[in-house]
Amino acid sequence: MSVAGVALSATQLAAFREQLAAEPIEYDGLAAEYDAAEDTYHIETPDHQTSLGGDELDTAADEQAAYLSNWYFHTQQVTTESKQAFCRWLELADDRPVPTRYDDLEAGIGREWGELMITTTLAADGGRRYEIRHVDDSGVDDDALTPHTDPFAARDIGTLDTDGRYRPLRTAPSLDSGWIFPELTADAVYDAVEAFYPATIVNWHREQRGELDVDHWRDEQDRQSGIYNLITVLPDEAVEWAAAACCDDSQCLKRREWQLSADEPLAAEGGDGVFPCRAPCSTVVAAGREWAKLEREDTQTYEFELTPSEKEQIEAIIDAVADGTVDEIREADLSEGANRYRARYLREKRFDDDGTLSGTPTRPDGHNDDSD
Amino acid sequence: MQSLVIVAHGSHLNPDSATPTHTHADTIRATDAFAEVRTGFWKEQPSLREVLRTTHGDDIYVVPLFISEGYFTERVIPRELRLEGWKPELWNSDGISADTATLVAGDIDTEVHYCGPVGTHEAMTDVLVRRAESVTDDPEVGNGFGFAVVGHGTERNENSAKAIEYHTEQLRKTGRFDEVKALFMDEEPAVDDVTDHFDSEDIIVVPLFIADGFHTQEDIPEDMGLTDDYRNGYDVPSGVDGHRIWYGGAVGTEELTADVVLERAADAGADIGDAIARVRKQTSPTTQAVGE
C-alpha cells in the first residue's frame with residue numbers, strides 16, 4: 001500500500017466533511033477548507049491544489065487521498081495527545097512528508113523503544129497497523145515466534161527473564177525474546193508498550209513538550225517516610241556511585257534525567273535511552289537505603305596475604321558479578337579469575353574454617369560478627 | 001470518560017505480589033465498565049508517583065488494593081499521588097469505615113476519587129465465603145465447618161486487626177459456619193494454635209492478605225503444622241491434631257476480589273452498570289452465582 005493505493009472509506013470522508021463544516025484543516029502538509037456558499041471543498045497539498053464539489057470528495061486524487069487518510073488516522077482514530085505523539089514518532093512523521101512516508105510504510109517503518117522493535121505499516125484504508133517484537137528477533141521468521149493478540153500479554157512476557165528470574169525493574173535490558181504481536185491497532189500498541197515499559201510513553205511525551213517534571217535525589221530524600229527515611233543520610237558521593245551502579249544503560253534502559261538536585265548534576269552517565277527517567281525509582285531508593293546502612297560503617301585497615309594474581313582474581317570476581325558475566329565463563333576456563341574452580345581454590349587456600357579471608361578478623365576487637 | 005486506577009504494594013522480590021492486581025484489573029477491564037483500567041505500585045512500575053499520568057479519563061477512581069487503613073492508604077498513597085489537601089479525617093473513618101474522598105491530584109491537575117481499601121469493604125466478607133467454597137470445592141460449605149480469618153495482628157497497624165475482627169463478625173452473623181474466629185500471626189489468639197480454638201473437625205483457614213507471599217505461603221502453613229517445610233507443599237485438607245485444615249491462602253487472590261474493587265468505585269459514584277453482577281457470575285466456580 002502506498003499513496004497510489006489508498007481508498008478512502010465513507011467513514012473517513014464523513015469525518016472530513018464534519019471537521020471542515022466546523023473549521024478548516026491544516027495538518028501535515030494538508031490544507032483544506034469548505035466553501036458552504038459554493039458547496040466546494042478546497043484541498044491543497046504540497047504538489048496539488050484541487051477544488052471539489054460537495055459530492056466529489058471521493059474522487060480526490062491519490063496523493064490527496066493519502067493526506068486525507070493521514071489526517072484522519074492521526075487526529076480522529078488516535079484520540080489522546082500522548083498516543084498521537086507516539087504514533088507520529090513511530091512512523092517518523094516529523095521527518096518524512098506524507099508521500100515518502102506512505103511509500104516507506106509499505107515496507108514498514110521500524111523504530112526501537114527500549115528492547116522493542118515496533119514496525120508501522122499501512123492498512124488498506126490508510127490507517128496503521130503495528131507489529132512489536134524483541135529487537136533481537138528482528139530477522140527471525142514470524143512463524144518461529146509465539147504470536148500474541150492481547151496487548152496486556154506484554155505484562156506477562158515482561159515478568160520473567162530468559163532464565164525465569166523475576167524482573168522487578170521492567171525497564172531493565174533483560175526482556176525475554178521469542179514472541180510477536182503481529183498486528184495491533186494504535187490503542188493496542190500503546191497499551192502493549194505501556195505494559196512492557198510502564199509510563200515511558202507519557203514521560204517521553206512530557207519531555208517532548210518540554211514539560212518533564214524531574215524529581216531529583218534531594219526531592220526524593222525529602223519525600224520519604226518510614227524505613228526509607230534512612231536515605232537522607234546517604235552521602236552525596238554515594239548517590240554518585242549508586243547512579244553509576246544502577247542507572248547505567250547496562251542496567252536500565254531509561255535515560256536518567258534526575259540529578260543530585262537541579263543545580264548539582266551527577267557525573268555518572270545517564271544513558272542514551274529514548275525515554276527519560278524522571279525520578280529515582282523504587283529500586284534505587286531501596287538500594288539507597290541498604291547503602292545508607294552500609295555507609296554508616298567506618299573503614300578499617302586490614303592486612304591480607306595475597307599473591308598479585310590473587311588480588312587480580314578478587315577484582316575479576318567482582319567485575320564478573322557486577323557485569324553479570326559469571327554464567328559466560330566456561331567451566332574449564334581456568335584462565336578466568338571468576339571461574340568456579342579458581343574461586344573454589346582461592347577459598348580453600350585463603351579462607352579459614354570460619355570462612356574468614358586469611359583468618360583476619362572482620363571486627364577491630366577481633367570478634368567476628370557478621371549478623372548485621 | 002471514567003478511569004479506574006488500582007494501586008497496590010507490589011514487590012522487588014516476589015513476582016506473585018502483583019498478580020492479584022493484574023488479574024482483577026483484567027477482570028474489570030473485560031466488563032467495559034471503565035474506559036480504561038490502570039495499575040500502579042509502590043514497589044513496581046508504573047510507580048504510584050506516575051500512575052495517574054498514564055490515565056486519560058476525566059472521572060478517575062483510585063482504589064487501593066490493600067487490606068486495611070493505615071500507613072500506606074493514609075500517608076504513602078496520597079503523598080505519592082499528590083492528592084492536594086488530603087488528610088485522613090476526610091475519610092471520617094473509625095479505622096474500617098473509609099469510603100471516599102475527592103481531591104485534586106497535583107500530577108494531573110484533575111480531581112480524583114480516592115476510595116477506601118478493598119479489605120475493609122463489606123463485600124470482602126463475600127470473598128472470604130467464596131474462598132471457603134473454592135478451597136473446599138463445595139458451594140454449600142458451612143455446616144460442620146469452622147472458619148478462621150487470619151491477619152497480621154496489631155504489631156504493625158491496629159486497624160489491621162480491626163479489619164480481621166470486622167469480617168469475622170460479619171461471617172459469624174451469616175450463621176453459615178459453625179464457628180468463626182479471628183487468628184493472628186503475631187499476637188493471641190495465634191494461628192499457630194489453630195486447632196485449640198475450634199471444636200469443629202473441619203476448619204477453613206483464610207488469611208486476609210492481598211497477595212500470596214512469604215507469610216501466606218511459608219509462615220502460616222508451617223506455623224499451623226500443615227508441613228515441616230513449605231517447599232515440600234501440603235495437602236488440602238491437611239490433618240492436624242485430629243482436625244482437617246482447609247487452608248485457602250491469601251483471600252485477595254480470589255477472583256471475586258474484583259467485585260470489591262468495583263464496589264469501592266461504585267460507592268464513590270462510578271457508573272458501572274451491571275458490572276458487579278457480571279463479575280460475580282463470571283468469577284463463580286459453579287454455573288450459579290453463589291450468594292445471590
Side-chain angles (χ1 to χ4, degrees), chain A residues 79-83 150-156 158-161 164-172 187 190-191 193-206 211-213 215 219-220 222-228 252 254 276-287 290, chain B residues 1 3 5 7-19 21-30 35-58 70-72 74-82 105-109 156-157 213:
Chain A
T79 52
T80 68
E81 281 186 33
S82 55
K83 285 181 192 174
D150 177 5
F152 292 97
R155 205 176 51 209
D156 294 333
T159 300
L160 305 177
D161 68 13
R165 289 176 304 191
Y166 177 41
R167 299 172 68 241
L169 188 65
R170 290 199 173 250
T171 44
D187 283 340
Y190 181 90
D191 283 338
V193 172
E194 279 287 292
F196 277 119
Y197 297 132
T200 55
I201 297 176
V202 70
N203 281 328
W204 164 86
H205 184 229
R206 284 194 179 206
E211 296 172 1
L212 183 68
D213 51 328
D215 287 350
D219 304 323
E220 200 75 16
D222 292 345
R223 215 178 62 246
Q224 297 305 314
S225 59
I227 61 173
Y228 295 107
C252 178
K254 286 184 181 177
C277 173
R278 53 164 293 280
C281 66
S282 70
T283 304
V284 166
V285 171
E290 289 303 313
Chain B
M1 172 175 158
S3 301
V5 178
V7 292
H9 193 284
S11 168
H12 290 156
L13 302 174
N14 173 14
D16 296 332
S17 175
T19 303
T21 311
H22 293 313
T23 303
H24 305 326
D26 289 345
T27 301
I28 295 169
R29 203 172 277 126
E36 62 183 357
V37 180
R38 301 284 175 201
T39 54
F41 300 92
W42 174 233
K43 291 283 195 176
E44 298 179 34
Q45 298 159 301
S47 65
L48 300 176
R49 195 89 176 141
E50 298 182 353
V51 66
L52 287 179
R53 63 182 63 189
T54 70
T55 63
H56 301 104
D58 51 13
Y71 176 65
F72 279 100
E74 293 178 355
R75 189 164 173 188
V76 173
I77 297 170
R79 179 190 73 208
E80 297 294 296
L81 297 180
R82 288 170 254 189
D107 188 36
I108 51 175
D109 201 25
R156 301 205 298 196
N157 173 10

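Because the structure is a prediction, the values reported are computed rather than measured. Side chains are part of it too, since the values below use all heavy atoms of this structure and drop only hydrogens, waters and symmetry mates. Below, chains carry the letters A, B, ... as their sequence lines are ordered, and counting in each starts from 1.
- The number of heavy atoms from other shown groups lying within 6.0 Å of CG (A:Asp222) is above 12.
- In terms of heavy-atom pairs under 4.5 angstrom with chain B, the leader among A:Thr200, A:Asp215, A:Val285, A:Thr79 is A:Asp215.
- Contact check for B:Asp26 versus A:Arg155: side-chain heavy atoms found under the 4.5 Å cut-off.
- The shortest distance between side-chain heavy atoms of A:Ser282 and B:Glu44 does not fall below 4.5 Å.
- Note that the NE2 atom of B:His12 and the CG atom of A:Leu169 stand 8.0 Å from one another [nearest 0.5 Å].
- For A:Asn203, the part lying near chain B is the side chain, with the backbone staying farther off; criterion is any non-hydrogen pair under 4.5 Å.
- Considering only heavy-atom pairs separated by less than 4.5 Å from chain B, the leading option among A:Glu194, A:Glu81, A:Arg170 is A:Arg170.
- Side-chain contact annotation: B:Arg79 with A:Ser225, donor-acceptor N/O pair under 3.5 Å present.
- Proximity to chain A (any heavy atom under 4.5 Å) is shown, for B:Phe41, by neither the backbone nor the side chain.
- The closest side-chain heavy-atom distance from A:Thr283 to B:Lys43 is not below 4.5 Å.
- Counting heavy atoms from C-beta outward, B:Gln45 and A:Lys254 have side chains that approach closer than 4.5 Å.
- Contact annotation for B:Glu80: only side-chain heavy atoms (C-beta onward) come within less than 4.5 Å of a heavy atom of chain A.
- Looking at A:Ser82, only its side chain comes within 4.5 Å of chain B, counting heavy atoms on both sides.
- Side chain of A:Tyr166 to main chain of B:Ser11: a donor-acceptor pair is present (N/O by atom type, distance under 3.5 Å, no hydrogens or angles).
- For the atom pair CD of B:Glu36 and OG1 of A:Thr80, the computed distance is 9.0 Å after rounding to the nearest 0.5 Å.
- Looking at A:Asp191, the atoms closer than 4.5 Å to chain B (heavy atoms on both sides) all sit in the side chain, from C-beta outward.
- Interface remark: B:Asn14 contributes backbone atoms only to the contact with chain A (heavy atom separation under 4.5 Å).
- A salt bridge links B:Glu50 and A:Arg278; the closest N-O separation between the charged side-chain nitrogens and carboxylate oxygens is under 4.0 Å.
- Using a cutoff of 4.0 Å between basic side-chain nitrogens and carboxylate oxygens, A:Arg206 and B:Asp107 are scored as salt-bridged.
- Ion pairing between B:Arg49 and A:Asp213 fails under the 4.0 Å rule for side-chain N and carboxylate O.
- For chain A, the nearby part of B:His56 is the side chain; its heavy atoms alone come within less than 4.5 Å.
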field: B:His22 vs A:Phe152, side-chain contact (heavy atoms from CB on, under 4.5 Å): CA-CA, chis, key distance, verdict
entry: CA-CA 9 Å; B:His22 293 313; A:Phe152 292 97; over 6 Å; no

